[in-house]
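As structure tokens, the structure follows; a few thoughts come after it.
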Amino acid sequence: MKTKTGFHLRDICGEYVIVAEGVENIDFSKIISMNESAAYLWKKVEELPSFTADDLTRLLCEEYEVDEATAQADAQTVATQWITSGIVEE
């Protein structure tokens, strides 16, 4: 996976939100907000050439006190949500 060009994480009044920059990414019909752990993951992978759900799992285990099975399930959920919302590409 890779984050799509033009989508950036912003902290707006204490809420993490993905902001689309550039005319090709403007779609005001949905706002993508992230909790703290999803925002952490986005910050870590935003500049990478590519990443996998396994990379997200590793990052979660490094940052939080979580077992690998839980981290893997959460990482897969986040990856699926990001793909579905159109902010990453496979």
Side-chain angles (χ1 to χ4, degrees):
M1 287 175 279
K2 179 177 178 11
T3 59
K4 282 190 176 178
T5 302
F7 290 97
H8 301 284
L9 182 68
R10 300 285 185 254
D11 182 343
I12 301 175
C13 298
E15 296 289 326
Y16 293 108
V17 179
I18 294 293
V19 176
E21 297 175 357
V23 174
E24 67 278 0
N25 292 326
I26 293 178
D27 178 0
F28 293 108
S29 66
K30 57 183 165 178
I31 294 175
I32 302 164
S33 63
M34 294 188 177
N35 64 20
E36 186 178 328
S37 57
Y40 162 77
L41 292 173
W42 185 268
K43 288 175 192 176
K44 291 293 190 178
V45 301
E46 186 173 22
E47 300 300 323
L48 295 179
S50 67
F51 63 93
T52 65
D54 288 339
D55 295 323
L56 299 177
T57 300
R58 179 184 48 77
L59 289 166
L60 287 172
C61 287
E62 288 174 359
E63 183 68 12
Y64 300 100
E65 291 183 23
V66 61
D67 63 272
E68 188 172 348
T70 300
Q72 188 172 34
D74 291 348
Q76 188 59 55
T77 298
V78 166
T80 300
Q81 289 173 343
W82 289 356
I83 291 166
T84 301
S85 65
I87 60 176
V88 299
E89 50 198 8
E90 295 182 80

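Note that the structure is a prediction, hence the values are computed from the model and not measured.
- In this structure, Ser33 OG and Leu9 CG are separated by 10.5 Å, a value rounded to the nearest 0.5 Å.
- In Glu68, the CD atom is not crowded: 12 or fewer heavy atoms of neighbouring residues, nucleotides or ligands sit closer than 6.0 Å.
- Taking OG1 of Thr3 as the start and CH2 of Trp82 as the end, the distance is 8.5 Å to the nearest 0.5 Å.
- Atoms CE and CG, from Met1 and Leu48 in turn, are 11.0 Å apart once rounded to the nearest 0.5 Å.
- For the residue pair Thr52/Asp54, the side-chain donor-acceptor check at 3.5 Å is not satisfied.
- Note that CD of Glu36 and CG of Leu41 are 11.0 Å apart. Values are rounded to the nearest 0.5 Å.
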Criterion side-chain contact (heavy atoms from CB on, under 4.5 Å) on Phe51 and Leu59, from CA distance to verdict: CA-CA 11 Å; Phe51 63 93; Leu59 289 166; over 6 Å; no
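- Here the closest heavy-atom approach between residue Phe7 and residue Gly86 is recorded as CE1-O, 3.9 Å.
- Taking all atoms of both residues into account, the shortest heavy-atom contact from Ala39 to Tyr16 is CB-CG, 3.5 Å.
- The side-chain contact (heavy atoms from CB on, under 4.5 Å) test with Trp42 is passed by exactly one of Leu56, Ile32, Ile18: Ile18.
- In terms of heavy atoms, Thr57 sits closest to Ala75 at OG1-CB, 3.4 Å.
- Within 6.0 Å of CD on Glu15 lie no more than 12 heavy atoms contributed by other residues, nucleotides or ligands.
- Taken to the nearest 0.5 Å, the OH atom of Tyr64 stands 11.0 Å off from the CG atom of Asp74.
- To the nearest 0.5 Å, atom OH of residue Tyr40 and atom CD of residue Glu62 are 6.0 Å apart.
- The nearest pair of heavy atoms linking Ala71 to Cys61 is CB-SG, 3.7 Å.
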